[in-house]
J.: 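Provided herewith is a single structure, encoded as structure tokens, for subsequent inquiry.
From a predicted model like this one, the values you see are computed outputs, not experimental measurements.
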Amino acid sequence: MAHAVLICSGARVPAARLLDHPLLDRLSIITEHSHTARYPDGVAVETVGSVHDVDEVLAAAWRIAGRHPLDGVLAPYEVGLPAAGYVRTVLGLPGPDFTTATLFTNKHAMKQRLAAAGLPLMPFAGAHSDAQVRARAAEFGWPVVVKPAYGGGSKDVAVVADPAELDAWLAGGGSPRPRNPTAVVERRADILVEYHCDGVVHDGAVRSVVTSRYLEPVLGRIGQGDPYGSYQLPSDHPEHRAVAELHAAAVAALGLRSGVTHLEVFGTPDGLRVSEVACRPGGGAIPAAIHLRSGVDLVDACVRTSLGLPPFPDGTPAPARTDARYVGHCGLALRPGTITELSTEAELAALPGVLDVVLHQRVGDRIAGHIYSASAAGFVHVGADTEEEVRERLATVRAAYRIRTRPDGTGPDGTGPDGTGPESTRPEGPGSESAAPDSTVPDRTAPDTTDPRPPTPDHAASVAPARPVAPARPVAEAVAS
């Protein structure tokens, strides 16, 4: 049994399975001020002004270690990774050190190292001022992708089509600033297909790797109505082999010894192009989907490698829960406002090929803020024998799912302040338009609605109250989480 500290920004509430992991007899939390009430009694919480401040996080970890010696640092979310690496380096703890964590989180440093190792990327450049961002964009030609070097959850990542849109992006939060001094400007890829590749690494070797294909490219889908969905490719699929080779090369180039990875790859007319790679589990229901089909528990492997243990307790993953050749999953869309109608687990479970349904919201929950790529009311997992069938079954789920919301400021009958105006209805399916603008500060919070746990047969008791949806840019591309 061990004592670990979990580093978590205020925007996140870790899943219960992280807070009550069987390998941990003691867990301490480092989070940002005003968020201690989110954690159960008995969990020691130290607060900092920002988890981006590595020195402040180190001081908090030192206080924790002074009370009870630490065995590891957990950082399952993107924003906490650099500080976790810094604490590990200074305190001599296992897991990705500060250099490795920086290479996996600073997108400019990452791309420089990957390009030097010969991996295929889109042309990119770093910029440290607004003037440099404008100059690099003009050099590449419009449109370009712009993003801060550090960030997660698609925040402040955008496609800009001209100088006016770029100026709006800079004014809206993308401008290089002391806490995030580098922006990345990248020629936009002509994306035909997009993949994610999720791996487990131990002693420098890839011990497990799963390639999945998104239902549609993530770039440009944010704010278009549907959270992302994907399906896993069999190990003999030629696209799996090609993407898995890039994954192994990226892991070697960035020097990861042990940990969990999530790689994003574009398929373009000129071949595969690496987008980004992270040393954490993928977001949303990716870990649950992989556990369902392959038996690999990415969250458990993340905890184990963070404690210096082998990723699999018996040397190999647990048996898969299905023999379906293809397993896919999709998120269920959210809408700002108060939920007045929502598909039930039973209704979704009755659709063809459905293996598991997880709902995170319920009627009466209030959803506020921007909707981003991994924001979802829940997730549905399906199994199929062919690639065409898995896509058809996921499309059926999207078409059958329904959600209705009452926009903020309306009455209980769905009318506006003046008694007019219907509720917001969500017609599912690709291409549906996003609904209402930002709403007010949410009045309820709950655990993160991403689904890092393996699915279980019955989730009827797991429906949680709503949480605020983290702000993000309306058009984005990022490693999901």
J.: For a 4.5 angstrom cut-off between non-hydrogen side-chain atoms, does Pro82 reach His52?
T.: no

J.: At what distance, to the nearest 0.5 angstrom, does NE2 of His202 lie from CG of Leu256?
T.: 11.5 Å

J.: Just do the side-chain contact (heavy atoms from CB on, under 4.5 Å) check on Ser208 and Phe312 with the steps written out, would you?
T.: CA-CA 10 Å; Ser208 169; Phe312 306 122; 4.1 Å; yes

J.: Applying the ring-ring contact (aromatic ring centres under 6.0 Å, His included) test to His329, which of Tyr228, Tyr214, Tyr231 qualifies?
T.: Tyr228

J.: Listed by chain and number, what are the salt bridge (charged side-chain N to carboxylate O under 4.0 Å, His left out) partners of Glu347, not counting sequence neighbours?
T.: Arg402

J.: Should Glu345 and Arg362 count as an ion pair when the cut-off is N to O under 4.0 Å?
T.: no

J.: Is there a side-chain contact (heavy atoms from CB on, under 4.5 Å) between Val145 and Lys147 once you walk through the steps?
T.: CA-CA 7 Å; Val145 178; Lys147 64 187 79 173; 3.9 Å; yes

J.: Restricting to non-hydrogen atoms, name the atom on Val48 and the atom on Ala60 that form the minimum distance, rounded to 0.1 Å.
T.: CG1-CB, 4.0 Å

J.: Hey, what's the ring geometry for Tyr326 with His237, parallel, tilted or perpendicular (30° and 60° as the breaks)?
T.: perpendicular

J.: Is there side-chain contact between Leu254 and Thr100, with at least one heavy-atom pair below 4.5 Å?
T.: no

J.: Leu263 versus Thr211: any side-chain heavy-atom pair under 4.5 Å?
T.: no

J.: Specify the closest pair of heavy atoms between Ala278 and Phe104, including all atoms of both residues, with the distance to one decimal.
T.: C-CD2, 3.6 Å

J.: Once you round to the nearest 0.5 Å, how far does CG of Leu394 lie from CD of Glu389?
T.: 10.5 Å

J.: Restricting to ring-ring contact (aromatic ring centres under 6.0 Å, His included), what partner residues turn up for His247, sequence neighbours left out?
T.: none

J.: Ignoring hydrogens and angles, tell me if any N or O in the side chain of Glu194 forms a donor-acceptor pair with the backbone of Val218 under 3.5 Å.
T.: yes

J.: If you take all heavy atoms of His240 and Pro234, which pair is closest and at what distance?
T.: CB-O, 3.6 Å

J.: Taking Arg393 for the side chain and Gly383 for the main chain, is one N or O donor matched with an acceptor at less than 3.5 Å?
T.: yes

J.: Could you give me the CA-CA distance, side-chain angles and deciding distance for Tyr150 and Thr102, then say whether side-chain contact (heavy atoms from CB on, under 4.5 Å) is met?
T.: CA-CA 9 Å; Tyr150 285 102; Thr102 298; 3.6 Å; yes

J.: Please report the shortest heavy-atom distance between Val87 and Ala61, naming the atom on each side.
T.: CG1-CB, 3.7 Å

J.: Leu18 versus Val303: any side-chain heavy-atom pair under 4.5 Å?
T.: yes

J.: So which atom in Gln361 and which in Ile367 form the shortest heavy-atom distance, rounded to 0.1 Å?
T.: NE2-CD1, 3.6 Å

J.: If every non-hydrogen atom of Ser28 is compared with every non-hydrogen atom of His3, which pair is closest and at what distance?
T.: OG-NE2, 2.9 Å

J.: Short question: side chain of Thr340, backbone of Arg404 - any donor-acceptor pair under 3.5 Å?
T.: yes

J.: As an exercise, state the distance from NZ of Lys107 to CD of Glu276, rounded to the nearest 0.5 Å.
T.: 5.0 Å

J.: Rounded at 0.5 Å granularity, tell me how far CD in Glu264 sits from CG in Asp198.
T.: 8.5 Å

J.: Could you give the distance from CD (Glu341) to CD1 (Ile403), rounded to the nearest 0.5 Å?
T.: 9.5 Å

J.: When you check the gap from the basic side-chain N to the acidic O, do Arg17 and Asp297 get nearer than 4.0 Å?
T.: yes

J.: When you compare the side chain of Arg325 with that of Thr386, does any pair of heavy atoms fall below 4.5 Å?
T.: no

J.: Applying side-chain contact (heavy atoms from CB on, under 4.5 Å), run through Val358 and Asp356 and close with a yes or a no.
T.: CA-CA 7 Å; Val358 181; Asp356 192 58; 3.4 Å; yes

J.: Would you compute the distance between atom NZ of Lys111 and atom CG of Leu103 and round it to the nearest 0.5 angstrom?
T.: 13.5 Å

J.: Do any N or O atoms from the side chain of Thr405 and from the backbone of Pro407 form a donor-acceptor pair under 3.5 angstrom?
T.: no

J.: Mark yes or no for whether Thr305, through its side chain, and Cys302, through its backbone, hold a donor-acceptor pair below 3.5 Å.
T.: yes

J.: Is there side-chain contact between Tyr77 and Val51, with at least one heavy-atom pair below 4.5 Å?
T.: no

J.: Determine whether Leu348 and Leu332 make a side-chain contact, defined as any pair of heavy atoms from C-beta on separated by less than 4.5 Å.
T.: yes

J.: Do Ser235 and Arg241 make a side-chain contact, defined as non-hydrogen atoms from C-beta onward lying under 4.5 Å apart?
T.: no

J.: Are any side-chain N or O atoms of Arg304 and backbone N or O atoms of Pro310, one a donor and one an acceptor, separated by less than 3.5 Å?
T.: yes

J.: Give a yes or no on whether the backbone of Val73 and the side-chain of Arg88 come within a donor-acceptor separation of less than 3.5 Å.
T.: yes

